[in-house]
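Report on the structure given below.
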Amino acid sequence: MPYEVTYNSRMSLHIDIKYIRLISSRLRNFKQKKDYLFNFSCPYCGDSKKNLSKARGYVYCKRGGLFYTCHNCGMGTNAGNLIKQIDSSLHKEYILERYKAGESGVSNFKAPTFDFPSPKFGKLDKQKIFEHAEWCDKLPSGHFCLNYLENRKIPKEFYSKLLFANKYKTFIDTLVPNNEKELVDDARLVIPFYNEYNELIAVSGRALETNDFKLKYISIRTKESDKKLIFGMDTVNTNLPVKIVEGPIDSLFLKNCIASSDSNLEGAAKVISAKDKVLIYDNEPRNKEIVNLMKKAIKNYNMIVIWPDTIPYKDINEMIQNGMTAEEIENIIEENTCGGIEALTKFTFWKKV
């Protein structure tokens with residue numbers, strides 16, 4: 001049934017805009033780009049401590065309400081949760097005003113009904129053809145995207161699961177019409193995200209022709225949801241121990257591994273139903289954000305990897321690029337997985353901040 005713009009949905013949108021403007025003074029680099037498009041520095045990840053002018057958070061209109069996404073940390077939520085993040089008292093006023101307006105079920109602050117998929121009996125066939133994109137295993141020898149994959153030493157078995165888009169904006173506009181994203185028609189490696197039913201839920205474009213004016217990664221949801229975006233849900237076996245890393249490319253080198261697509265590994269751990277989970281943060285002992293997240297994960301009784309001092313590399317792909325094998329890395333992970341007091345003790349010596 002097509003979505004209809006009702007009186008209540010228009011009122012909801014009006015209220016959303018009102019409250020986004022009320023918190024705008026507390027959002028760094030806040031700008032209104034269009035009638036229903038706002039841009040500012042992400043209040044969840046901070047965007048960048050080195051460059052305070054970075055603004056990769058966007059509020060946009062969809063289904064009669066406003067939603068938020070960050071192109072840096074991957075955070076995706078609705079206007080209500082964003083307002084609550086900034087000001088819990090103002091959030092209570094927001095809820096009350098939505099209620100008084102006669103909220104009718106198209107709210108973007110109530111539990112969304114679209115998060116409950118219709119019953120499925122087994123996995124679907126994955127989408128095989130994409131307009132304006134080609135699977136990497138079909139690219140001609142010497143193609144610059146293949147050169148990129150080879151330089152990062154990505155196993156050739158994954159070439160058939162990665163896409164190349166010569167014009168990313170054109171690709172996204174065709175895949176997700178009316179997405180209201182500000183994109184550039186640059187060339188990108190495209191990483192498809194599937195859920196456990198093989199449904200395409202998002203794509204992430206990695207720039208191949210980078211400069212200071214382009215975002216290295218731009219992720220776009222193709223299926224509307226407030227759930228944590230996780231890479232590898234289509235291949236993970238929850239009956240076995242699950243490894244959780246930050247980057248999708250890093251996950252390709254490890255067995256039974258998923259990627260959080262940001263530093264929020266605990267968020268991914270809460271979504272996955274496996275009994276045994278190991279959080280594998282990047283090896284960045286001088287990164288205050290990573291250090292704080294690891295400390296919190298240990299206090300919450302998670303099993304995590306504390307990288308030994310003999311590993312000078314930042315992440316798993318960097319380890320591979322510098323000559324380590326996947327088997328070596330698996331062994332290091334197994335030997336350095338810990339929790340509780342042991343993890344806290346090792347963590348104290350590991351961190352450099």
* Asked: Does the side chain of Arg188 come under 3.5 Å of the side chain of Tyr217 through a donor N or O and an acceptor N or O?
  -> no
* To do: May I ask you to check whether His132 and Tyr168 place their ring centres under 6.0 Å from each other?
  => no
* Okay, side chain of Arg28, backbone of Leu52: is any donor-acceptor separation there less than 3.5 Å? -> yes
* Is the number of heavy atoms from other residues, nucleotides or ligands within 6.0 Å of CG (Asn237) greater than 12? -> yes
* Compute the ring centroids of Tyr99 and Tyr94, then answer whether they are less than 6.0 Å apart. => no
* Would you find more than 12 non-hydrogen atoms of other residues, nucleotides or ligands less than 6.0 Å from Glu334 atom CD? -> no
* Asked: Does Tyr68 have its ring centroid less than 6.0 Å away from the ring centroid of Phe40?
  -> yes
* Asked: Just checking, any donor-acceptor pair under 3.5 angstrom between side chains of Asn283 and Trp350?
  -> yes
* Give a yes or no on whether the backbone of Glu93 and the side-chain of Glu97 come within a donor-acceptor separation of less than 3.5 Å. => no
* **Check against ring pair (Phe, Tyr, Trp, His ring centres under 6.0 Å), Tyr281 and Phe347** => CA-CA 12 Å; Tyr281 292 90; Phe347 168 76; 9.5 Å; no
* Glu284 backbone acceptor or donor facing Asp282 side chain under 3.5 Å -> no
* To do: Could you verify whether a donor N or O on one side chain and an acceptor N or O on the other, from Asp173 and Asn179, lie under 3.5 Å apart?
  => yes
* Report yes or no: does Arg286 contribute a side-chain atom to a donor-acceptor pair with the main-chain N or O of Val353 at less than 3.5 Å? => no
* Asked: Are a donor atom and an acceptor atom from the side chains of Lys54 and Ser41 found within less than 3.5 Å of each other?
  -> no
* For Pro140 and Leu146, which heavy atoms make the closest approach, and how far apart are they? -> O-CD1, 3.3 Å
* To do: Would you check, one step at a time, whether the test ring pair (Phe, Tyr, Trp, His ring centres under 6.0 Å) holds for Tyr19 with His91?
  => CA-CA 9 Å; Tyr19 279 84; His91 178 252; 9.3 Å; no
* Asked: With a cut-off of 6.0 Å (strictly less than), are more than 12 heavy atoms of other residues, nucleotides or ligands near NZ of Lys346?
  -> yes
* **Check: Asn81 side chain, Thr77 main-chain N or O, donor-acceptor pair, under 3.5 Å** => no
* Asked: Within the distance-only criterion (no hydrogens, no angle test), does the side chain of Lys351 pair as donor or acceptor with the backbone N or O of Val291 below 3.5 angstrom?
  -> no
* To do: Please check if the distance between the ring centroids of Tyr58 and His71 is under 6.0 Å.
  => yes
* Linking I/L/V/M/F/W/Y whenever their side-chain heavy atoms sit closer than 4.5 Å, directly or via other members, would Met303 and Val271 fall into one cluster? -> no
* To do: Output yes when Lys270 and Glu266 qualify as a salt bridge under the 4.0 Å nitrogen-oxygen rule, no when they do not.
  => no
* Asked: For the ring pair Tyr313 and Trp307, is the centre-to-centre distance below 6.0 Å?
  -> no
* **ILVMFWY cluster, Val176 and Leu200 together (side-chain gap under 4.5 Å)** => yes
* Any donor-acceptor N/O pair, Thr174 side chain to Thr170 backbone, under 3.5 Å -> yes
* Asked: When the ring centroid of Phe30 is compared with that of Phe38, is the distance short of 6.0 Å?
  -> yes
